[in-house]
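Remarks on the structure that follows.
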Amino acid sequence: MQNKSINKYTSYKKARDAAWQLIIDMNINELPVKVSSIIRNLGIGLYTYQDNEDTIKKLGLDKITKTSDGFTLLMSNQYKVFYDSSKSNERIRFTLAHELGHIICKHEFQPTAESYITTRNTEPSINDNPIETEANMFAARLLAPACVLHELKLFTAEEIAEHCCISQQAAEFRCQRLLLLEKRNKQFLFERDYGCYYISNLEKQVKEQFSNYINNHL
């Protein structure tokens, strides 16, 4: 049981720190985070299911489009992200951030006939496997950084969905985590005389990078 707990925290910390580092490296300083621009700036191909039906079918991957909102191929050392453009803009943004999480977190891709591929990409669920959970954790922390939400005092799912341009379901998952952090922050302040935010230098840098945006939106 202890090992499972350690593994879960290790996975969480990996996804969290990777999201913070990407925000810093890409000089992201406002909400909503422009995830498609990040992907393109990283040199990753971006393709819709609808405009690439023949290519997807030729690769024998048409079935995955029926069960997943997006997937990533690794072909000849080149990442290519495919997604369902018929979904809402909010869902598409989380889909792309999720796929980016697979890449940034260096997840192992499953082999296919001509490439390597990620697996399931749907709305976050408590039943997700560990790899999908890690990609979702990365996506949530990229699109809705907790320290920024904390500074802006955005503590409801509706506020988070609106400011971060993510689905209500994704925002509810993020809100649950944020409320836990706020409770922990109060406990830290009471017991230790300092909060649980900004213990990490990475998080401090994220807050500083967003400082103008935060000041302009309070």
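Everything quoted here is computed from the prediction, not taken from an experiment.
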Tightest non-hydrogen contact, residues R174 and A144, listed as NE-O, 2.9 Å

Greater than 12 external heavy atoms within 6.0 Å of K183's NZ: no

Looking at every non-hydrogen atom in both residues, tell me the closest pair between Q78 and G43 and how far apart they are. NE2-O, 3.0 Å

When you look at E158 and Q168, which way does the side-chain hydrogen bond (donor to acceptor under 3.5 Å, both in side chains) test go after all the steps? CA-CA 7 Å; E158 290 74 19; Q168 185 67 22; 3.3 Å; yes

If every non-hydrogen atom of E99 is compared with every non-hydrogen atom of G70, which pair is closest and at what distance? OE2-O, 3.4 Å

Strictly below 4.0 Å, N to O, side chains only: are K57 and D62 in salt-bridge contact? no

Is there a side-chain contact between Q50 and D84 in this structure, where contact means two heavy atoms from C-beta onward sitting under 4.5 Å apart? yes

Side chain proximity check, I44 to K80, heavy atoms < 4.5 angstrom: no

Audit row: V33, M26, side-chain contact (heavy atoms from CB on, under 4.5 Å) steps and yes/no: CA-CA 11 Å; V33 172; M26 302 300 292; over 6 Å; no

Using side-chain contact (heavy atoms from CB on, under 4.5 Å), reason through F210 and V148 one step at a time and then give a plain yes or no. CA-CA 7 Å; F210 272 86; V148 178; 3.6 Å; yes

Does the Lys NZ or Arg CZ of R177 fall within the cation-pi geometry relative to Y12 - under 6.0 Å from the ring centre and within 45° of the axis? yes

Identify the heavy atoms of C105 and E134 that sit nearest to each other, and give their distance. CB-OE2, 3.8 Å

Between atom CD1 of I23 and atom CG of N29, what is the distance when rounded to the nearest 0.5 Å? 10.5 Å

Rounded to the nearest 0.5 Å, what separates atom OG1 in T156 from atom CG in L179? 9.0 Å

Tell me whether I104 shares a hydrophobic cluster with L46, the cluster being built from Ile, Leu, Val, Met, Phe, Trp, Tyr side chains joined at under 4.5 Å. yes

Are the side chain of R141 and the backbone of W20 linked by a donor-acceptor contact shorter than 3.5 Å? no

Can you get from L218 to L178 by hopping between Ile, Leu, Val, Met, Phe, Trp and Tyr side chains that sit under 4.5 Å apart? yes

Go through the steps for L42 and L100 under the test side-chain contact (heavy atoms from CB on, under 4.5 Å), then give the verdict. CA-CA 10 Å; L42 289 173; L100 185 57; 3.8 Å; yes

Between atom OH of Y79 and atom CG of L74, what is the distance when rounded to the nearest 0.5 Å? 5.0 Å

Would you say K14 and M137 make side-chain contact, with heavy atoms under 4.5 Å? no

Under the ring-ring contact (aromatic ring centres under 6.0 Å, His included) rule, what pairs show up with a residue in residues 34-60, not counting sequence neighbours? Y47-F82, Y49-F71

Working to the nearest 0.5 angstrom, can you tell me the gap between L59 CG and I64 CD1? 11.5 Å

What pair of heavy atoms forms the shortest contact from F138 to G101, and how long is it? CD2-CA, 3.2 Å

Counting only heavy atoms not in K34, do more than 12 sit closer than 6.0 Å to its NZ atom? no

Should we say atom CG of N216 is surrounded by more than 12 heavy atoms from elsewhere, each under 6.0 Å from it? yes

For a quick check under 3.5 Å, do E30 and N212 share a side-chain donor-acceptor pair by atom type? no

Could you tell me whether the side chain of L96 reaches within less than 4.5 Å of the side chain of I38, counting heavy atoms only? no

Kindly compute the distance separating CD (E159) from SG (C164), expressed to the nearest 0.5 Å. 10.5 Å

Which pair of heavy atoms, one from K87 and one from D69, lies closest together, and at what distance? CE-OD1, 3.2 Å

Would you give the length of the straight line joining atom CZ of R91 to atom OG of S167, rounded to the nearest 0.5 angstrom? 6.5 Å

V206/I28 under side-chain contact (heavy atoms from CB on, under 4.5 Å): CA gap, chis, key distance, verdict: CA-CA 8 Å; V206 171; I28 299 165; over 6 Å; no

Any link between L31 and I24 through a network of hydrophobic side chains (Ile, Leu, Val, Met, Phe, Trp, Tyr) touching at under 4.5 Å? yes

Would you say F155 ends up clustered with I214 if hydrophobic residues are merged whenever their side chains have heavy atoms under 4.5 Å apart, either directly or through other cluster members? yes

Are Y198 and L180 grouped together when hydrophobic residues (ILVMFWY) are joined by side-chain heavy atoms under 4.5 angstrom apart? no

Is it the case that the side chains of D25 and Q21 hold a donor-acceptor pair, with the cut-off being a distance below 3.5 Å and no angle test? yes

The single option from R184, E182, E203 that satisfies side-chain hydrogen bond (donor to acceptor under 3.5 Å, both in side chains) with Y197 is E182

Taking atom CD of E208 as the centre, does the number of heavy atoms from other residues, nucleotides or ligands within less than 6.0 Å exceed 12? no

Centres of the F94 and H98 rings: under 6.0 Å? no

Other residues, nucleotides, ligands: >12 heavy atoms within 6.0 Å of D193 CG: no

